[in-house]
K.L.:
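Sending over a structure as structure tokens; questions will come in a sec.
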Amino acid sequence: MPEGPEVECTRRYLHPLIGKTVKKIQLTELSQKYPKYAGKQQDFYWFDGQQLIDIERSGKFLIWRFDGEKVILNHLGMSGKWILLKKNNQSLTSHAKALIYFEKQPHAIFDDIRNFGQFKIFESYKIVLKYDPIRKMGIDGLAKPFPMDEFLLRFNKPNYASKEIGAVLVDQKLVAGMGNIYKAESLALAKINPTRLVKTLTKKERKELGLAISKTLWKAVDCNGSTFSTFQIPTGQEGSAQHWHKVYGKHGEACQDCGTEIIRIVQNGRSTFFCSECQK
DNA sequence: CCGCTGGCCTGCGAGC
DNA sequence: TGCTCGCAGGCCAGCG
């Protein structure tokens, strides 16, 4: 599910929770099996009676803010999702890791099949901002208007120069919220071949790429994100962004624009898809 | 500091 | 039809 646009859709889905008072945050037994959920149940007692003030998105992170100082940093990993419990007797999902009970329904369940997600306490908002993955984040790909100048600036980082653009583009220090699907789709929209070295991209191409990123990510938000196999966001609604993908997952199929076969390559251990005719 | 490899997990489906 | 195996939207530790 979760690249920046899917995390943004999740944030919107959770919006009705804002203003509610926490009754109890409970970690499931299952959560204790995994190091990334190593938080102790007793540490979460602090949140009893706290009012949820806001849920912010920063790149692919959600930051849960309360009226007291502590915050919860939450990452969906590869398979994390939030489910709002609207009925009393609704049963828990099989990979539930954390439950937030409010004084009134709905309650919220964080479910994470592959256990790559995060749900951890930080002592204050200031401290979470100093946490490296947040502090070092690049521009937010969903920022409006798209921060072109800073994008170009970060793009100039010397250590990117001799790397392939397809490998660089998923770096959260360049564009926070970018992931493997929208990387491929943004490059397709900008008609740039993912194997191009960053230093060979002209300023015009870099700008076009920036615009393509913004367009691609926002279109995904507007479609409620991409839904694949069992992943959906949020529960009950399906995203439809996958329907307009030009290249992602389409290896072996004909390019919709020129008929050339879409190919798949591996960069940084991740799949990249493109049309070698349209993307030069 | 940098880049690369492999590891963390479960579930799905392509292909034999 | 059933099984295996590769692969999956993310990230990081450890190594040289």
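The model shown is predicted, which means the values in this text are computed figures rather than measured ones. Throughout, a chain's letter reflects where its sequence line sits, starting with A, and its residues are numbered from 1.
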K.L.:
Any side-chain N or O of Arg270(A) under 4.0 Å from OP1/OP2 of dG9(C)?
P.N.:
yes
K.L.:
If you check the His75(A) side chain, which of dC9(B), dC11(C), dC2(B) turns out closest?
P.N.:
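The closest nucleotide is dC11(C).
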K.L.:
Mind checking whether His245(A) and Tyr248(A) have parallel, tilted or perpendicular rings, split at 30° and 60°?
P.N.:
perpendicular
K.L.:
Select one nucleotide: of dC9(B), dC7(C), dG3(B), the one nearest the side-chain heavy atoms of Asn159(A).
P.N.:
dG3(B)
K.L.:
Grab the CD-P distance between Gln118(A) and dC12(C) for me, whole Å please.
P.N.:
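It works out to 7 Å between those atoms.
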K.L.:
Can you measure Leu76(A) atom CG to dA8(C) atom C1' for me and round it to whole angstrom units?
P.N.:
16 Å
K.L.:
At less than 4.0 Å, is any side-chain N or O atom of Arg264(A) found next to OP1 or OP2 of dA8(C)? Yes or no.
P.N.:
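True: Arg264(A) side-chain N/O within range (under 4.0 Å) of dA8(C) OP1/OP2.
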K.L.:
For Gln172(A), report the nucleic acid contact type (base, sugar-phosphate, nothing); a contact means any heavy atom under 4.0 Å.
P.N.:
sugar-phosphate
K.L.:
When you check the gap from the basic side-chain N to the acidic O, do Glu185(A) and Lys219(A) get nearer than 4.0 Å?
P.N.:
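Answer for the salt bridge query: no.
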K.L.:
How far, in whole Å, is dC9(B) from dT4(C) if one measures between their P atoms?
P.N.:
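The answer is 22 Å between these two P atoms.
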K.L.:
Taking atom P of dG9(C) as reference, at what distance in whole Å does atom CE of Met78(A) sit?
P.N.:
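Going from Met78(A) (CE) to dG9(C) (P), I get 6 Å.
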K.L.:
Classify the ring geometry between Trp82(A) and Trp64(A) as parallel (under 30°), tilted (30 to 60°) or perpendicular (over 60°).
P.N.:
tilted
K.L.:
Under 4.0 Å between a side-chain N/O of Asn180(A) and OP1 or OP2 of dG9(C), yes or no?
P.N.:
yes
K.L.:
How far does the P atom of dG6(B) sit from the matching atom of dG6(C), given to the nearest Å?
P.N.:
14 Å
K.L.:
Using the closest heavy atom to pick a nucleotide of DNA chain B for each, name whichever of Lys136(A) or Asn268(A) lands nearer the 5' end.
P.N.:
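Mapping each residue to its closest nucleotide by heavy atoms, the 5'-most match is Lys136(A).
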K.L.:
Using atom NZ of Lys60(A) as one end and atom P of dG10(C) as the other, report the distance to the nearest whole Å.
P.N.:
4 Å
K.L.:
Give a yes/no answer on whether the side chain of Tyr182(A) brings an N or O atom under 4.0 Å of OP1 or OP2 in dG9(C).
P.N.:
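Checking Tyr182(A) against dG9(C): no side-chain N or O falls below 4.0 Å of OP1 or OP2.
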K.L.:
Which whole-number value in Å describes the distance from Ile113(A) CD1 to dT10(B) P?
P.N.:
11 Å
K.L.:
Once the angle between the rings of Phe119(A) and Phe110(A) is folded into 0 to 90°, is it parallel (under 30°), tilted (30 to 60°) or perpendicular (over 60°)?
P.N.:
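Phe119(A) and Phe110(A): parallel rings.
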K.L.:
dC9(B) P sits how many Å from Asp111(A) CG, rounded?
P.N.:
16 Å
K.L.:
Does any donor atom in the side chain of Thr10(A) or Lys81(A) lie under 3.5 Å from an acceptor atom in the other side chain?
P.N.:
no
K.L.:
To the nearest Å, how far apart are Asp112(A) CG and dG9(C) C1'?
P.N.:
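Computing the Asp112(A):CG to dG9(C):C1' distance gives 12 Å.
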K.L.:
Provide, to the nearest angstrom, the distance between the CD1 atom belonging to Ile181(A) and the P atom belonging to dA8(C).
P.N.:
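The distance from CD1 of Ile181(A) to P of dA8(C) comes to 11 Å, rounded to the nearest Å.
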K.L.:
Just wondering, do Phe116(A) and dC8(B) stack (centres under 5.5 Å, planes under 30°)?
P.N.:
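Yes, Phe116(A) stacks on the base of dC8(B).
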K.L.:
Sticking with atom P, work out how far dC12(B) lies from dC11(C), rounded to a whole angstrom.
P.N.:
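That atom pair is separated by 23 Å.
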K.L.:
Check this one for me: any side-chain N or O of His95(A) less than 4.0 Å away from OP1 or OP2 of dG11(B)?
P.N.:
yes
K.L.:
What is the pairing partner of dC11(C), taking Watson-Crick or G-U wobble pairs with both distances under 3.5 Å in any strand?
P.N.:
dG7(B)
K.L.:
Thinking salt bridges, do Glu123(A) and Lys70(A) make one under a 4.0 Å N-O criterion?
P.N.:
yes
